[in-house]
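Report on the structure given below.
Note that the numbering runs from 1 along the sequence shown for the chain.
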Amino acid sequence: MTAQTGIVDVVVIGGGQAGLAVGYHLRRSGLSFIILDAEDGPGGAWRHAWQSLRLFSPAAWSSLPGWRLAGDDQNYPTRDDILDYLARYEARYELPVRRPVMVRSVERADGDRLRVVCDQGIWRARMVVSTTGTWRHPVIPRYPGQETFRGLQLHSSMYSEPTAFAGQRVLVVGGGNSGVQILAELSKVADTIWVTERPPAFLPDEVDGRELFRRATERVKALQEGRGQAVPAGGFGDIVMVPPVVEARGRGVLQAVRPFRRFFDGGVEWADGTRSAVDAVIWCTGFRPALDHVAGLGIVEENGTVALEGTRSVREPRLWFVGYGGWTGPASATLIGVGRSARDTARSLIDGLAAAAP
């Protein structure tokens with residue numbers, strides 16, 4: 001493939017929902033920019049979600065800036081709805097996405113530009129916005145004896161659909177929304193055991209993503225104003241009772257047990273010494289920010305994030321981060337929440353470049 005090298009004002013790394021939202025706000029700025037995406041087609045991490053995934057916000061609350069996802073307040077979009085929407089969004093606004101392009105590193109170059117080193121060439125930019133999210137860094141806890149277990153271990157990021165597990169005994173590990181949605185469908189074809197670190201937190205049936213986004217925003221505002229946790233408890237880690245989860249509750253399968261102690265070759269051993277034979281373990285245990293491409297800059301903290309002022313790196317002011325979760329803005333890892341972070345980032349970036357212009 002022909003090498004791609006260029007000089008632009010802004011490079012956006014990642015063409016998923018966060019990268020597209022940033023591109024939407026940059027497109028009328030007069031700045032030259034490019035969006036580099038490692039995927040083979042539109043959709044970002046949504047391309048890798050399990051087939052039956054259902055959002056916990058209605059369509060109007062699952063939209064990027066400028067264009068509402070079709071549907072009403074009773075319509076909770078599916079994975080395929082979002083894939084179609086993101087592909088059409090990208091085309092509608094004629095965003096300059098190039099793919100598949102894998103960014104290897106962001107480096108300090110001579111002069112006022114950063115160098116973005118890719119598998120197909122090098123781009124130089126006055127500002128870089130990283131929107132790579134977390135999908136490429138799944139977290140799998142370590143347990144004694146794990147290497148001796150003969151069954152299948154699969155992170156939720158690689159889970160697609162339940163058919164392959166029919167008739168098996170499957171441990172689903174993780175108390176969040178991904179764990180409970182995967183449990184709900186697996187339990188129809190397999191003998192499931194749901195393992196959570198602590199008793200799962202179920203939100204009231206009437207609470208969905210709209211209320212969670214409001215709470216997340218209010219919580220940040222309260223902390224900024226010194227009012228502490230002055231909003232109701234419950235956040236995006238709590239379980240939203242979307243229809244498949246409600247149905248699973250009706251079947252009595254939402255009963256979680258505390259973690260096992262260790263693996264053995266045929267299954268797991270519990271805290272009381274009893275053993276359970278297990279064919280497979282699905283780890284719904286979250287992700288870490290995918291920041292390997294900026295590791296060489298020396299800006300990644302021990303906790304795996306980057307110190308920011310707003311969304312701008314404190315130690316490398318030419319670099320910005322959007323869409324990674326709470327540390328980059330309230331609910332910024334969600335479709336509705338990323339729009340605010342993207343807007344504020346684009347405005348600050350545009351102002352910064354204007355101020356630096358000769």
Within the distance-only criterion (no hydrogens, no angle test), does the side chain of [X] pair as donor or acceptor with the backbone N or O of [Y] below 3.5 angstrom?
X      : Y      : answer
Ser105 : Glu107 : no
Arg79  : Ala49  : yes
Arg27  : Tyr24  : yes
His137 : Pro289 : yes
Gln146 : Tyr143 : yes
Asn177 : Val240 : yes
Arg258 : Thr196 : yes
Ser32  : Asp9   : yes
Arg113 : Trp123 : no

Taking all non-hydrogen atoms of both residues into account, name the closest pair between [X] and [Y] and its distance.
X      : Y      : value
Gly14  : Ile35  : O-CG2, 3.4 Å
Arg288 : Pro138 : NH1-O, 4.2 Å
Val306 : Ser313 : CG1-OG, 3.9 Å
Val300 : Ala295 : CG2-CA, 4.3 Å
Asp81  : Thr78  : OD2-N, 2.9 Å

Applied to residues 165-183, the salt bridge (charged side-chain N to carboxylate O under 4.0 Å, His left out) test, sequence neighbours excluded, yields Arg169-Asp191
So the salt bridge (charged side-chain N to carboxylate O under 4.0 Å, His left out) pairs with at least one residue in residues 297-307 (sequence neighbours excluded) are Glu301-Arg315
Classify the side-chain pair [X]/[Y] by whether it contains a donor and acceptor separated by less than 3.5 Å.
X      : Y      : value
Thr132 : Tyr324 : yes
Trp46  : Gln17  : yes
Trp270 : Ser276 : yes
Thr345 : Thr311 : yes

Crowding at CZ, Arg28 (>12 non-hydrogen neighbours, <6.0 Å):
no
Item to complete: Answer yes or no: are there more than 12 heavy-atom neighbours, outside Glu309 itself, under 6.0 Å from its atom CD?
Response: no
Please examine the side chains of [Y] and [X], heavy atoms only from C-beta on, and report whether any two atoms are closer than 4.5 Å.
X      : Y      : result
Val195 : Val172 : no
Trp50  : Glu185 : yes
Ile13  : Val11  : yes
Leu53  : Leu55  : yes
Arg318 : Arg312 : no
Thr285 : His155 : yes
Gln181 : Val245 : yes
Phe321 : Ser341 : no

Can a salt bridge be assigned to the pair [X] and [Y] using a cut-off of 4.0 Å between side-chain N and carboxylate O?
X      : Y      : value
Arg98  : Glu90  : no
Arg347 : Asp351 : no
Arg108 : Glu316 : yes
Glu39  : Arg47  : yes

Besides Val314, the hydrophobic cluster formed by Ile, Leu, Val, Met, Phe, Trp and Tyr side chains linked at under 4.5 Å, directly or via other members, contains none
Ring centres under 6.0 Å, that's the criterion: do Phe264 and Phe149 meet it? no
Verify the ring-centre separation between Trp67 and Tyr85: is it less than 6.0 angstrom?
yes
Parallel, tilted or perpendicular: which fits the ring planes of [X] and [Y], with parallel below 30° and perpendicular above 60°?
X      : Y      : value
Trp135 : His48  : parallel
Phe202 : Trp194 : perpendicular
Phe260 : Phe263 : perpendicular

Q: Look at the side-chain heavy atoms of Ile, Leu, Val, Met, Phe, Trp and Tyr, link any pair under 4.5 Å apart, and say whether Val253 and Ile193 land in one connected group.
A: no
- Query: Which is it for Asp344 and Arg340 under the salt bridge (Lys or Arg N to Asp or Glu O under 4.0 Å) test, yes or no, and what are the steps along the way?
  - Reply: CA-CA 6 Å; Asp344 294 346; Arg340 181 180 299 168; 5.9 Å; no
